[in-house]
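Chain letters run A, B, ... following the sequence lines, proteins first, then strands; residues in each count from 1. This is a predicted model, so every value here is computed, not measured.
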Protein chains: 2
Amino acid sequence: MHGARPTIGDVARAAGVSKGTVSLAYSGKRPVAEETRRRVFAAAESLRWTASSSAQALATSRTSTIGLVIARRPEIIATDTFFPRFIAGCEAVLAEAGMGLMLNVVTDEDAETAAYERYAAGRVDGVILLDVKQGDRRPDLVRELGLTAVMLTAEAPHEDDPVDTPVVYTEDAAAVGELVDLLVGAGHTSIAHVSGPLRYVHAAARRDAFVDAMTHHGLRPDRIVEGDFTAASGRDATAALVDRADRPSAIVYANDVMAIAGLSYARSSGLRVPEDLSVTGFDDSELSAHLSPGLTSVSTGADVRGAVAARTLLAALGGDARRPVLVDGTVVVRRGSIAPPSRH
Amino acid sequence: MHGARPTIGDVARAAGVSKGTVSLAYSGKRPVAEETRRRVFAAAESLRWTASSSAQALATSRTSTIGLVIARRPEIIATDTFFPRFIAGCEAVLAEAGMGLMLNVVTDEDAETAAYERYAAGRVDGVILLDVKQGDRRPDLVRELGLTAVMLTAEAPHEDDPVDTPVVYTEDAAAVGELVDLLVGAGHTSIAHVSGPLRYVHAAARRDAFVDAMTHHGLRPDRIVEGDFTAASGRDATAALVDRADRPSAIVYANDVMAIAGLSYARSSGLRVPEDLSVTGFDDSELSAHLSPGLTSVSTGADVRGAVAARTLLAALGGDARRPVLVDGTVVVRRGSIAPPSRH
DNA sequence: TTCGATGCGCAAACCGGTTTGAACAGTGAG
DNA sequence: CTCACTGTTCAAACCGGTTTGCGCATCGAA
């Protein structure tokens, strides 16, 4: 039926030139006479030829693909809207550069390592490292495997950290500080925090920022519950906090999903939001904006982070190792979920 | 520093055999003496050799990668948790088979076509088609491009449809029918529907199912609002439905996000849920289970669909063209968001 | 007319695997 | 002792591109 895909040889023959010339006509790495170039393009067009990317990859040892391994529990992947937004942001940049994105979702550490090893076998040119953990071994792993990498973090890297992996970071601490300021400004003194899993650097950073901000206002940051970013944990943590006489008048959650689940729980147990309980989220999801009341959150531009990470990785692949890049645009979005505390 | 990656030639030399023997030892396509095989494996191990996937791809014209193009507006990707769940499901199957997943997120049709064309240039072996639309041209496109494909739909393919693309489908209609049954059984007679964009076959199928179910109960399906799966549209559609004297006593939403936003809107405009308004979602997201009241929804096992789609595609790649596959497991999950209607 | 410079394209090597026809050693049968 | 046969390995071709040394033609200057 439809014959095999045409090769560069077919195009060369049709245009009456050699394979090399066809290649050069496309890459422009050496001048080709205008007239010849036209013949080549015409031939390619009529044969509907496109270079085979496998052949190209083999010849150039560049795959035009970058890899992303997501290592999270299914419940979180299924809930948190960060990933799809992040990926969409990456894609926009990658597509423009003609690059592809290879995705792997893994659930245990062995599978994670295996994924990077497969990547290193010439499937991708570089990788983006998400969800950096305390003592994360991936930077070493990827270096060992010879992969170019970019790492996402939630705070500026320490000066003395021997960072050889390019870093793209946001400054979550400032945003958390702002949230606390807002609450304190509204009159709250009893503020709790539901964090993410503290083994993640970003979750720990937000928790630390909460502690600092509270301390700064002379308040005791003594109600901190560790959640795990799932709706279930948000609900449970909230239950633990509000089902008692000395419940807080406000809760700062480490992500929107936990905040929404918490808000919903509080409401159904008789509390009015925001009158009896103010809540804030983090990572502003589309849903949060359209709830009633809207959820006060921190818009961190997941898509922008994806775009910047992709751009930085492309630069690194081009040999342009750059200093840590700050992704700006972290902004507190105030909505109806915050109000002055009622007396109770 | 770290020398270039070892090649099969290095392994051959180290083991004192030829390249071909190394290849055979690994593929097993021809017998290799046990003793030789051991030497080869030992050499490969000590050199830390792994076959270059580009070279393999070129030689075998198989990339061990499948492609997935997601063509949706950013707001939807950012909200709907279907995609990450679906992808996680695919991955589980693909990883097991040593295959990779290439992902592309596009926003317009040209980019979509371009993505498939890049795929066809030897980047992937096959593709999964999501979100089939009325008169979708992708089946033709991928056939023309010589890509193996699997298509996901929400109803059994019509007998007379000349389906040459393998289909994996769910039976959404039955589930929608059950939802309506539940509501009618609880005493509701004024039930509205907020659909998805009707150009999508699955959204239209759910709408049709709603119409059929209502008609079956002798009710007039005259309050249907077309949404677009976003939280914003869920809120707006709900506003249009409930901010009037003859508001419905129940609303069937085509996905959870719209339902959650709608529920939230209804509550904040003074309606009690479920006492004054019962609501149901679709595609059961983790969040829905942990809201209070929990959202009655239809669990369609996005991850299972992903897994089945991946498995079917792998089979198709293996030349095993099979009849349409039904993904079972669509089940109505009843939670607190349904109650008998109150008088008003 | 001769000579170097310049522009252009060809042919061949190469990337790192897979595949296959043929060679070779060892074995048992005739 | 020869021959057919089996089991094992080798060498070379091939996949479809990219890269580069070299030759050829053309042209202006000496």
Side-chain angles (χ1 to χ4, degrees), chain A residues 3-41 43-44 47-65 98 118-125 146, chain B residues 3-41 43-44 47-65 98 118-125 146:
Chain A
R5 275 169 48 80
T7 74
I8 198 173
D10 300 329
V11 175
R13 201 168 316 118
V17 299
S18 71
K19 294 199 307 175
T21 302
V22 174
S23 179
L24 261 1
Y26 272 91
S27 71
K29 301 214 167 174
R30 272 211 211 167
V32 167
E34 186 52 32
E35 150 69 8
T36 310
R37 182 202 315 283
R38 255 196 291 276
R39 279 215 318 283
V40 169
F41 286 176
L47 271 85
R48 315 187 103 263
W49 173 79
T50 323
S52 143
S53 37
S54 332
Q56 235 160 357
L58 178 57
T60 61
S61 37
R62 288 214 151 236
T63 57
S64 296
T65 302
R118 278 214 304 282
Y119 282 174
R123 290 181 93 89
V124 307
D125 296 332
Chain B
R5 274 168 49 79
T7 74
I8 198 173
D10 300 330
V11 175
R13 200 167 317 117
V17 299
S18 71
K19 295 199 307 175
T21 301
V22 175
S23 179
L24 261 2
Y26 273 91
S27 71
K29 300 214 167 173
R30 275 211 210 167
V32 166
E34 185 52 32
E35 148 69 9
T36 310
R37 183 203 313 284
R38 255 197 290 278
R39 278 216 318 284
V40 169
F41 286 175
L47 286 158
R48 312 188 105 262
W49 173 79
T50 324
S52 143
S53 37
S54 332
Q56 235 160 0
L58 178 58
T60 62
S61 38
R62 287 216 151 235
T63 57
S64 296
T65 302
R118 277 214 306 280
Y119 281 175
R123 290 181 93 90
V124 308
D125 297 332

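- The residue among Gly20(B) and Ser23(A) whose nearest nucleotide of DNA chain D lies closer to the 5′ end is Gly20(B).
- Counting non-hydrogen atoms under 4.0 angstrom, Val17(B) reaches the backbone sugars and phosphates but no base.
- Residue-level contact check: Val32(B) touches the backbone only, with heavy atoms under 4.0 Å from sugar-phosphate atoms and none from bases.
- Along DNA chain D, the nucleotide nearest Thr50(A) and the nucleotide nearest Ser18(B) are compared for position; the residue whose nucleotide lies closer to the 5' end is Ser18(B).
- The residue among Glu34(A) and Ser54(B) whose nearest nucleotide of DNA chain C is located toward the 5' end is Glu34(A).
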**Request:** Please assess Arg123(B) against Ser64(A) for the test side chain to side chain contact (heavy atoms under 4.5 Å, CB included), listing each intermediate value before the final yes or no.
**Result:** CA-CA 10 Å; Arg123(B) 290 181 93 90; Ser64(A) 296; 3.9 Å; yes

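- Remark: the backbone N or O of Thr50(B) is paired with a side-chain donor or acceptor of Arg5(B) at under 3.5 angstrom.
- Ser53(A) places a side-chain N or O within 3.5 Å of a backbone atom of Ala121(B) that can act as its donor or acceptor partner.
- At the heavy-atom level, Lys19(B) lies under 4.0 Å from base atoms of the strands shown.
- Using a 4.0 Å cut-off, no side-chain N or O of Thr21(B) falls inside it from OP1 or OP2 of dT9(D).
- In the 5' to 3' direction, nucleotides of DNA chain C lying under 4.0 Å from heavy atoms of chain A begin and end at dC8(C) to dG16(C).
- Within the model, atoms CD1 of Ile8(A) and CZ of Arg13(A) stand 12.0 Å from one another, a figure rounded to the nearest 0.5 Å.
- If you take CD on Gln56(A) and OG on Ser23(A), they are separated by 8.0 Å, rounding to the nearest 0.5 Å.
- Ring-plane geometry between Trp49(A) and Tyr26(A) is classed as perpendicular, the angle between the planes exceeding 60 degrees on a 0 to 90 degree scale with a lower cut at 30.
- Nucleotide dT9(D) holds its P atom 9 Å from the CG atom of Leu24(B), rounded to whole Å.
- Residue Thr60(B) is in sugar-phosphate contact alone, with no base atom involved, counting any heavy-atom pair closer than 4.0 Å across all strands shown.
- Within 4.0 Å of Thr7(B), counting heavy atoms only, lie sugar-phosphate atoms of the nucleic acid but no base atom.
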